[in-house]
Amino acid sequence: PGHRMYYRETWQTPPKQTTAGSRRPPFCPSLAPSARACASSQRALARFHPHDFIHSHQSPTELRPAPSPPPRLRILSPQAEQPHVRHVRARHRLAAPANDLEPRGSDAAPAPRLRGPVTVSLAACSCCSRRHRGTRAASSSMGTLVWLRPTAAPAVPAGPSAAHVVAGGGINARPRRVSMASRCPNPRVLQAGRCRWLVARSGVTAAAAAADDPEDSSGLSDLQVASRIRGVFFYAVTAVAAIFLFIAMVVVHPLVLLFDRHRRRAQHYIAKIWATLTVSMFYKLEVEGMENLPPNSSPAVFVANHQSFLDIYTLLTLGRCFKFISKTSIFMLPIIGWAMYLLGVIPLRRMDSRSQLDCLKRCVDLVKKGASVFFFPEGTRSKDGKLGIFKRGAFSVAAKTGVPVIPITLLGTGKLMPPGMESNLNSGSVKVIIHRPIEGNDAEKLCTDARNVIADTLLLHGYGVH
Ligand SMILES: CCCCCCCCCCCCCCCC(=O)OC[C@@H](O)COP(=O)(O)O
């Protein structure tokens with residue numbers, strides 16, 4: 001049945017925040033911060049009638065006349081035996097799109113557009129007791145609108161459960177927890193609109209859900225539970241180790257400033273202990289090409305692909321005192337951020353050209369003083385495991401200072417802790433390949449050569465390259 005849309009006065013008036021008389025449908029234009037997105041979301045959303053998200057199998061002609069608002073689907077919390085209505089609002093949590101150095105203004109990355117199919121596993125809707133699957137109807141940086149369609153699958157027996165959303169698509173079709181919400185970005189609309197609530201009555205028991213569609217299960221699969229537990233332990237170990245080792249860093253810091261102000265080898269040695277301690281407990285690490293690593297005494301510009309925060313741990317285990325260039329928000333982390341200052345990590349506000357210039361100047365200065373620097377030329381973690389476009393900053397530093405570029409390929413970190421799923425740690429192993437140094441004074445050529453070396457290695461190991 002088509003999903004032609006028109007506005008109906010049937011929709012319940014939003015609670016207080018709606019200004020009297022403005023009876024515009026709730027989330028027009030809730031999901032569209034940017035003009036173009038706004039226009040497309042408006043068009044997309046304008047095509048939607050609230051009812052569509054509840055009973056998409058009903059064509060408009062069949063829709064019940066006003067006055068009673070369409071029954072709503074409800075999401076049950078696992079504890080609730082009785083199908084209590086619980087409104088769920090969530091925010092879109094997928095990581096920011098690649099290639100832009102710094103989101104507009106603050107460091108908080110805007111919620112990205114959701115790509116690929118979205119599956120919503122709802123047990124049964126309250127009036128047709130058929131399972132519904134959601135397809136992404138519109139998404140913008142503020143959220144994703146899901147259009148629910150009844151699936152053939154019969155409703156499963158009622159029982160305590162919860163419903164969650166899994167975004168498919170992307171590399172290896174990793175399921176991603178995505179929450180949907182729509183929250184009008186600007187007050188004016190807020191007055192006119194209201195938050196989008198997905199309501200569903202769920203009678204899914206985790207096991208039943210896992211049985212009929214593991215991708216679509218409303219309970220966490222065993223794998224995900226294991227990853228979540230591993231993630232908790234990972235952060236526990238890394239936090240405890242950081243607390244004790246940070247004290248050691250503070251103690252030695254005055255000596256470091258006195259005798260080894262630029263390289264700070266003692267601090268890097270402590271950071272190496274921290275990273276090795278954390279990594280060795282959770283995943284196997286294989287390093288290839290250690291012979292290509294220059295000694296700490298000879299400066300170089302290190303570059304690598306970037307797939308996950310685990311890249312930092314993995315690279316720190318190499319025990320080289322290279323100075324990372326890091327986005328400013330990471331400095332806010334307690335203990336870790338403080339340790340980054342003691343290590344001499346270079347802060348960068350990614351979209352701020354002045355900050356970029358200061359950062360490059362500082363790198364040139366440090367390299368001339370004998371230290372090494374470490375860039376992720378992609379500027380952000382790859383969201384699909386594919387190698388992104390390289391920025392030239394690192395290579396202009398190498399060309400200016402005449403030091404070699406050491407390309408490094410990281411394999412597997414994105415699978416263990418994908419961007420946007422930092423709370424999970426999947427099982428698996430990581431491989432680091434350190435390539436031969438590349439020398440030259442042409443930044444463009446250094447950039448192309450280094451990227452080609454890493455791209456070929458990624459392709460060799462089954463990864464993609466943009
Ligand atoms: C106390 C124990 C010793 C602790 C040592 C801590 C050392 C931490 C070094 C941190 C270096 C961080 C380098 C981050 C580089 C960076 O900024 O990449 C951006 C991505 O990541 C995240 O961006 P995005 O994917 O866009 O969210």
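Scope of the values below: all heavy atoms of this structure, side chains included, with no hydrogens, waters or symmetry mates. Indexing begins at 1, ligand by ligand and atom by atom, following the structure's order.
Ligand 1 places these atoms under 4.0 Å from at least one heavy atom of F246: 1 (C).
No donor-acceptor pair closer than 3.5 Å links the side chain of N424 to the backbone N or O of N426. The backbone N or O of L410 sits less than 3.5 Å from a side-chain atom of N305, completing a donor-acceptor pair. No donor-acceptor distance shorter than 3.5 angstrom exists from the side chain of Q307 to the backbone of K415, with no hydrogens or angles considered. Put simply, the side chain of K323 gets close to the backbone of R263: a donor and an acceptor are under 3.5 Å apart.
The closest approach between any non-hydrogen atom of I325 and ligand 1 is below 4.0 Å. The closest approach between any non-hydrogen atom of K383 and ligand 1 is below 4.0 Å. At least one heavy atom of F309 sits less than 4.0 Å from an atom of ligand 1.
Checked for salt-bridge contact, K361 and D365 miss the test: no charged N lies under 4.0 Å from a carboxylate O.
Contacts between A339 and ligand 1 below 4.0 angstrom, taking non-hydrogen atoms only, involve the side chain exclusively. At a heavy-atom cutoff of 4.0 Å, ligand 1 is contacted by the side chain of I330 but not by its backbone. Heavy atoms of L348 found under 4.0 angstrom from ligand 1: none, in either backbone or side chain. Contacts with ligand 1 closer than 4.0 Å are made by no heavy atom of E378, backbone or side chain.
The aromatic rings of F282 and F234 sit perpendicular, their planes meeting at an angle over 60°, well past the 30° parallel limit.
Of the candidates M249, R381, H306, H306 brings a heavy atom nearest to atom 21 (O) of ligand 1. Scanning A241, A242, S308, A239 for the heavy atom closest to atom 1 (C) of ligand 1 points to A242.
Taking distance alone, with nitrogen or oxygen atoms compared against 3.5 Å, W274 stays at or beyond that limit from ligand 1.
Donor-acceptor pairing under 3.5 Å is recorded for the side chains of Y313 and T238.
Heavy-atom minimum distance, F322 versus L315: CZ-O, 3.5 Å.
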